[in-house]
Each structure stands twice: as structure tokens, then as C-alpha cells.
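Notes to accompany the following structure.
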Amino acid sequence: EEEIGGAFLHSTVTGSNDLLVESDEEAIDASKRLLSFLPSNWRDKPPVVNTGDDPNRTDEHLLDLVPADVSQPYDMHKVIASIVDKGDFFELQALYAPSMIIGFGRLAGKTVGIVANNPAVGDGCLDVYTGDKQARFVRFCDCFNIPIISLVDSPGFLPSLEQEQHRDGLERNAAKPVFAICEATTLRITVYIRKCWGAARLVMGTERMGVDAVYTWPTADMRVEGYERAADALYKGELAASEHPEEVRRQYMQQIHEKYATAYHLAGIQGADDIIDPRRTRPILINTLERLSQKQEHWEKLGPGPARPWRKHSLIPL
């Protein structure tokens with residue numbers, strides 16, 4: 001019975017269970033803690049709690065916490081703990097698709113939903129399970145007007161025969177979080193921390209998807225595709241004419257990385273609002289949330305630009 005429909009199965013395999021606890025008392029306490037982050041209904045704003053944590057607090061440890069070498073793992077939970085009030089983070093579905101982290105924290109006493117890749121698990125890769133987990137949480141936060149903070153460090157999807165043959169399909173599950181972010185009207189802030197390769201940038205939210213503010217650490221590494229393919233496409237003639245094509249290819253790959261894969265290039269093409277000091281991530285997020293706190297969604301045409309088309313609802317990729 002446990003293997004067919006037990007608590008551990010639904011916490012690790014199906015994702016139907018958010019928290020796994022040892023007793024009824026722990027379940028009640030966990031439920032109380034969850035409700036402390038939520039408003040009474042969708043019309044109310046999330047509760048504000050005086051946590052006593054300085055909103056201008058910075059953290060020097062963030063400079064050493066994230067390795068510059070993109071092949072080196074680290075635990076994103078530590079980054080989250082350094083940013084939220086008093087390091088208090090209430091994680092949900094921790095045992096399901098653990099390369100994606102979701103949960104609630106507070107910034108200056110205000111509830112925020114955290115969505116983050118975790119390079120300590122599978123290099124932070126995305127798959128059909130992370131897509132389902134992330135999309136559901138984003139839509140939940142949107143239902144209750146809870147701002148969403150996305151922390152990005154992922155090489156994107158790792159295609160495999162198992163993923164492609166999954167009963168729900170990789171493409172369909174990859175589209176779920178993209179849809180959820182695009183349709184959400186609550187505040188959305190994205191912070192690019194390190195790896196942001198391929199589809200990871202779309203899945204975690206971009207400025208062109210309606211994200212309200214996008215920041216990047218100087219360590220961000222932005223790649224659309226592999227440098228080998230880019231070098232072969234851009235410098236096909238030069239490689240064909242070279243006596244040492246592999247050496248020349250490596251040189252071109254390095255040039256492409258230095259020119260296009262940096263946070264500075266992203267900011268230069270208006271893909272990010274600012275390049276920020278990692279130590280100041282917390283006060284910058286708090287300031288941004290305060291600045292955008294009066295955001296309202298208007299469906300009617302208010303100015304010279306195109307109006308958003310009226311519809312009963314959009315079609316989620318199910």
C-alpha cells in the first residue's frame with residue numbers, strides 16, 4: 001500500500017504532496033506556518049510581519065558562496081537564506097524535482113514566493129518534473145498576489161530518451177512554467193546568478209515575458225547555444241580556410257563567450273535593468289518590491305499602444 005499510494009511516493013515521485021512530516025502535531029504546525037504567509041483571500045494583500053531584520057542588510061558571504069567556475073556546484077538554499085528575513089525560508093515539495101526550489105520567505109516582513117534552480121542537484125537542470133512543480137507554484141502565488149522572486153542558475157533542459165518519451169512530453173511540460181510566468185499579473189523579479197543557458201532564461205522569466213524587473217550578478221553566464229555550433233555557423237569560411245581548424249575554433253569560441261555571454265552584454269541590449277553587487281541583492285529586491293508595490297493590471301486600452309486582447313482565459317499547455 002505504501003508503494004502504491006503512500007506519503008513518500010507522493011512526496012518524491014508524483015509531486016502531489018507538499019510536505020512530509022512525522023506526526024499530526026508537525027502537520028498542524030506546518031499548516032499554521034504556511035497560512036502565516038498567505039492572505040485570507042485573493043482580494044487581500046499578503047500579511048506583513050515585523051521580523052526585525054534590517055532591510056538594508058548586505059551579506060559579504062555571497063561573494064564567496066557562488067563559485068566562478070560554472071562546473072562547480074553549490075547549494076542555492078544558502079543564497080536564499082542570506083536574502084530573506086532572518087534566513088527563514090519555508091520550502092515546499094523539497095523531495096520532488098529537487099533541482100528546482102520553491103517556497104515562501106519574507107523581505108522586509110512581506111511575503112514573497114521564491115523560485116530557484118539548485119546547482120547542487122543535477123547541476124540545476126530542468127526536466128518535465130521541474131516544469132510541473134514550478135508552473136503550479138507560480139500560478140498559486142499569482143492567485144494570492146504574492147510577488148515571485150526567481151533566482152537563476154541552470155544549463156537548461158537535459159534532453160534524454162526518457163524525458164522525450166515521458167507520458168506528458170518534455171515540450172509540453174517545458175511550456176507550462178513559461179505560460180505561468182507570462183500570464184501572471186503579480187510582481188515578478190528575476191535575478192540571473194550564474195548559468196543561464198538555452199531555454200533556462202525563458203523558463204525562469206525575462207523582461208520580454210512581462211517580468212517587472214530583471215537583475216544580473218556580474219557572474220552571470222548567458223548562452224543561447226553551444227559555442228561550438230555558434231563558431232561553426234559564424235566563421236564557417238575562416239575555419240574551412242585554416243590549416244588548424246580546431247585551434248581556430250577554440251579561439252573563436254573564446255571570443256564569442258567574452259563578447260556575448262556576459263552580464264554586460266545582456267544589460268547592453270536591455271535584457272537586464274542593472275548589474276548588481278551580489279552583496280546588495282537583498283536591499284535591491286526590497287527596494288524594487290516597494291517601488292512596484294502599487295502595480296495594477298489594466299486590460300482596457302489606456303494609451304496609444306496596442307491594447308491587450310480581451311479573452312475569457314488563456315489555454316494552459318496541458
Side-chain angles (χ1 to χ4, degrees), residues 63-74 76 79 99-100 116-128 130-131 150-166 169-171 173-175 177-178 190-209 214-276 278:
L63 291 179
D64 303 318
L65 189 58
V66 179
D69 184 351
V70 295
S71 66
Q72 295 298 313
Y74 65 94
M76 185 65 81
V79 176
S99 62
M100 176 71 71
N117 310 119
N118 190 12
V121 180
D123 202 31
C125 281
L126 307 171
D127 57 29
V128 294
T130 63
S150 298
L151 306 176
V152 188
D153 191 341
S154 172
F157 289 93
L158 186 62
S160 68
L161 185 62
E162 178 185 359
Q163 291 285 307
E164 293 291 351
Q165 292 181 343
H166 189 274
L170 179 60
E171 288 80 5
N173 280 271
V178 176
T190 297
V191 182
Y192 300 129
I193 291 179
R194 200 176 58 169
K195 294 189 302 293
C196 190
W197 300 354
R201 189 161 165 240
L202 288 176
V203 169
M204 300 301 288
T206 72
E207 75 295 337
R208 290 178 176 85
M209 293 166 62
V214 177
Y215 299 113
T216 176
W217 286 13
T219 50
D221 188 319
M222 325 296 294
R223 306 185 190 183
V224 176
E225 63 176 344
Y227 295 147
E228 297 86 349
R229 293 178 59 187
D232 290 339
L234 294 173
Y235 303 103
K236 183 177 180 180
E238 291 86 342
L239 292 173
S242 174
E243 296 181 359
H244 306 284
E246 289 303 321
E247 180 180 346
V248 174
R249 179 183 286 108
R250 284 194 295 271
Q251 293 175 358
Y252 283 134
M253 287 166 54
Q254 182 65 25
Q255 290 178 18
I256 293 170
H257 179 271
E258 293 175 353
K259 185 174 182 179
Y260 296 109
T262 67
Y264 302 95
H265 175 71
L266 181 68
I269 60 173
Q270 298 182 331
D273 295 291
D274 200 1
I275 301 172
I276 64 173

Check your understanding: Partners of Tyr215 by ring-ring contact (aromatic ring centres under 6.0 Å, His included), sequence neighbours excluded?
Key ->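 For Tyr215 there are no ring-ring contact (aromatic ring centres under 6.0 Å, His included) partners, ignoring immediate neighbours.
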Check your understanding: Is any side-chain heavy atom of Pro67 closer than 4.5 Å to a side-chain heavy atom of Arg194?
Key -> yes
I'd like to know if the side chain of [X] and the backbone of [Y] have a donor-acceptor N/O pair within less than 3.5 Å.
X: Trp197; Y: Asp221; answer: yes
X: Thr190; Y: Val214; answer: no
X: Thr219; Y: Ile193; answer: yes
X: Asp274; Y: Ile276; answer: no
X: Asp153; Y: Lys195; answer: yes

Review point. Trp217 and Val66: side chain to side chain contact (heavy atoms under 4.5 Å, CB included), yes or no, with the steps?
Key: CA-CA 11 Å; Trp217 286 13; Val66 179; 3.6 Å; yes
Kindly give the heavy-atom pair with the smallest separation between [X] and [Y], and that separation in Å.
X: Met222; Y: Ala220; answer: SD-CB, 3.9 Å
X: Val203; Y: Ala174; answer: CG2-O, 4.3 Å
X: Ser99; Y: Cys125; answer: OG-O, 2.9 Å
X: Gly131; Y: Pro177; answer: O-CD, 3.6 Å
X: Arg201; Y: Cys196; answer: CB-SG, 3.4 Å

Once you round to the nearest 0.5 Å, how far does [atom1] of [X] lie from [atom2] of [Y]?
X: Asp123; Y: Ser154; atom1: CG; atom2: OG; answer: 7.5 Å
X: Leu202; Y: Leu126; atom1: CG; atom2: CG; answer: 11.0 Å
X: Tyr192; Y: Met204; atom1: OH; atom2: CE; answer: 9.5 Å
X: Asp64; Y: Tyr74; atom1: CG; atom2: OH; answer: 13.5 Å
X: His244; Y: Gln251; atom1: NE2; atom2: CD; answer: 10.5 Å

Practice item. Please list, chain by chain and in numerical order, all residues satisfying side-chain hydrogen bond (donor to acceptor under 3.5 Å, both in side chains) with Asn117, sequence neighbours excluded. Key: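 Checked Asn117 against side-chain hydrogen bond (donor to acceptor under 3.5 Å, both in side chains); zero matches.
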Practice item. Assess whether salt bridge (Lys or Arg N to Asp or Glu O under 4.0 Å) is satisfied between Arg249 and Glu246, documenting all intermediate values. Key: CA-CA 5 Å; Arg249 179 183 286 108; Glu246 289 303 321; 2.6 Å; yes
